[in-house]
Protein chains: 2
Amino acid sequence: MSEQYKMLGDKSRLTILASLKVRELCVYDLVDILGISQPGVSQHLRKLKAAGLVTETRKGQWVYYSLTLEDKPHIKAALEFAPSMQQQVEQLKNDCCQ
Amino acid sequence: MSEQYKMLGDKSRLTILASLKVRELCVYDLVDILGISQPGVSQHLRKLKAAGLVTETRKGQWVYYSLTLEDKPHIKAALEFAPSMQQQVEQLKNDCCQ
DNA sequence: TTGACATATAATCAAATAATTATATGATAA
DNA sequence: TTATCATATAATTATTTGATTATATGTCAA
């Protein structure tokens with residue numbers, strides 16, 4: 001359980017999770033949002049996947065990530081309190097990942 | 001906010017917080033519960049205090065720690081899901097900290 | 001005031017972490 | 001099939017972390 005909270009204990013990962021709460025996103029969407037390198041984002045996503053918090057779906061050349069929190073009420077609850085990323089997600093460049 | 005979740009992201013600290021949910025405890029109570037060294041416990045308590053999650057009160061030669069979560073609903077919510085430490089706290093040696 | 005006990009701090013160290021750059025893999029489109 | 005784009009992995013590095021031992025501080029009781 002602390003392993004999952006550890007995932008929230010990093011600003012970038014908390015932002016990733018809050019963003020995925022709005023909708024599923026591909027890696028470059030998250031690069032735009034976070035302002036860190038693409039491999040950096042991929043590393044975080046790998047950890048989140050290992051912790052069982054996200055899942056990936058390839059769609060063409062893009063890989064979309066989304067939350068898998070059905071069986072994790074504590075993480076779900078925690079994310080309720082995270083600042084909304086609605087705005088930032090809506091303002092993503094439309095020419096990415098479509 | 002991720003700084004506070006980081007506090008929950010360590011097994012020892014999560015256990016400390018769950019234990020303090022039962023009642024206030026002194027350092028050696030927590031040494032017993034956690035099975036790590038006294039300085040180790042003190043270090044974790046220092047971080048928890050710095051994060052604003054606990055406060056200390058000296059009572060004679062003992063220092064009691066207790067939760068300060070009134071203004072942290074997210075941490076409060078998170079701890080709802082942590083396994084109860086009721087048993088372990090009740091089974092503490094009575095000859096400690098009285 | 002000295003000794004015992006409770007706690008804090010300092011110093012140290014191995015391991016984990018988060019980031020980067022360089023490179024590899026995988027998919028699509030020309 | 002080759003170039004391009006999206007993503008993943010490898011290698012590297014600086015920093016943080018969690019633990020330990022040794023020592024200092026603080027409180028009380030004899």
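Each chain gets a letter, A, B and so on, in the order its sequence line appears, and its residues count up from 1.
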Which whole-number value in Å describes the distance from [X] [atom1] to [N] [atom2]?
{"X": "A/R46", "N": "C/dA19", "atom1": "CZ", "atom2": "P", "value": "14 Å"}
{"X": "B/L48", "N": "C/dA8", "atom1": "CG", "atom2": "P", "value": "12 Å"}
{"X": "A/D29", "N": "D/dC5", "atom1": "CG", "atom2": "P", "value": "17 Å"}
{"X": "A/Q43", "N": "C/dT21", "atom1": "CD", "atom2": "P", "value": "13 Å"}
{"X": "B/E24", "N": "C/dA6", "atom1": "CD", "atom2": "P", "value": "17 Å"}
{"X": "B/L45", "N": "C/dA8", "atom1": "CG", "atom2": "C1'", "value": "11 Å"}
{"X": "B/L30", "N": "C/dA6", "atom1": "CG", "atom2": "P", "value": "14 Å"}
{"X": "A/Y28", "N": "D/dT4", "atom1": "OH", "atom2": "P", "value": "16 Å"}

Quick one: is [X] getting a side-chain N or O under 4.0 Å of the [N] phosphate, OP1 or OP2?
{"X": "B/Y65", "N": "C/dA6", "value": "no"}
{"X": "A/S37", "N": "C/dT20", "value": "yes"}
{"X": "A/H44", "N": "C/dA19", "value": "yes"}

What's the spacing between [X] [atom1] and [Y] [atom2] if we round to 0.5 Å?
{"X": "A/T55", "Y": "A/L45", "atom1": "OG1", "atom2": "CG", "result": "11.5 Å"}
{"X": "A/L30", "Y": "A/T15", "atom1": "CG", "atom2": "OG1", "result": "10.0 Å"}
{"X": "B/R23", "Y": "B/E90", "atom1": "CZ", "atom2": "CD", "result": "9.0 Å"}
{"X": "B/S12", "Y": "B/L17", "atom1": "OG", "atom2": "CG", "result": "11.0 Å"}

(request) Check whether any side-chain N or O of B/R13 sits under 3.5 Å from a backbone N or O of B/M7 as a donor-acceptor pair, and report yes or no. (result) yes
(request) May I ask you to decide if the ring planes of B/Y5 and B/H74 are parallel, tilted or perpendicular, using 30° and 60° as cut-offs? (result) perpendicular
(request) Determine whether A/L53 and A/L67 make a side-chain contact, defined as any pair of heavy atoms from C-beta on separated by less than 4.5 Å. (result) no
(request) Go through the structure and list residues passing side-chain contact (heavy atoms from CB on, under 4.5 Å) with B/E56, not counting sequence neighbours. (result) B/K49, B/V63, B/Y65
(request) Using side chain to side chain donor-acceptor pair (under 3.5 Å) as the criterion, list what pairs up with A/S42, not counting sequence neighbours. (result) A/Q38
(request) Output all residues satisfying side chain to side chain donor-acceptor pair (under 3.5 Å) with A/K59, sequence neighbours left out; order by chain, then residue number. (result) A/E24
(message) Starting the side chain at C-beta, find the nucleotide from C/dA8, C/dA6, D/dA8 nearest to A/V63.
(response) D/dA8
(message) Please find the pair of heavy atoms, one from B/S84 and one from B/Q88, that lie closest to each other, and give the distance.
(response) O-OE1, 4.0 Å
(request) Describe the nucleic acid contact of A/K47 in one word from base, sugar-phosphate, nothing, applying a heavy-atom distance below 4.0 Å. (result) sugar-phosphate
(message) How would you summarise protein contacts on nucleotides 22-30 of chain C per nucleotide, using B for base, S for sugar-phosphate only and - for none, with heavy-atom distances below 4.0 Å?
(response) B----SS--
(request) Extract the stems that DNA chain C is part of, considering only consecutive pairing runs of at least three Watson-Crick or G-U wobble pairs, both distances under 3.5 Å. (result) C:1-30 with D:1-30
(message) Here's a test for you: under side-chain contact (heavy atoms from CB on, under 4.5 Å), which of B/L20, B/V22, B/D32 qualifies with B/V89?
(response) B/V22
(message) Contact list please: residues 3-13 of chain A against DNA chain C, heavy atoms, distance less than 4.0 Å, in numerical order.
(response) A/K6, A/D10, A/S12, A/R13
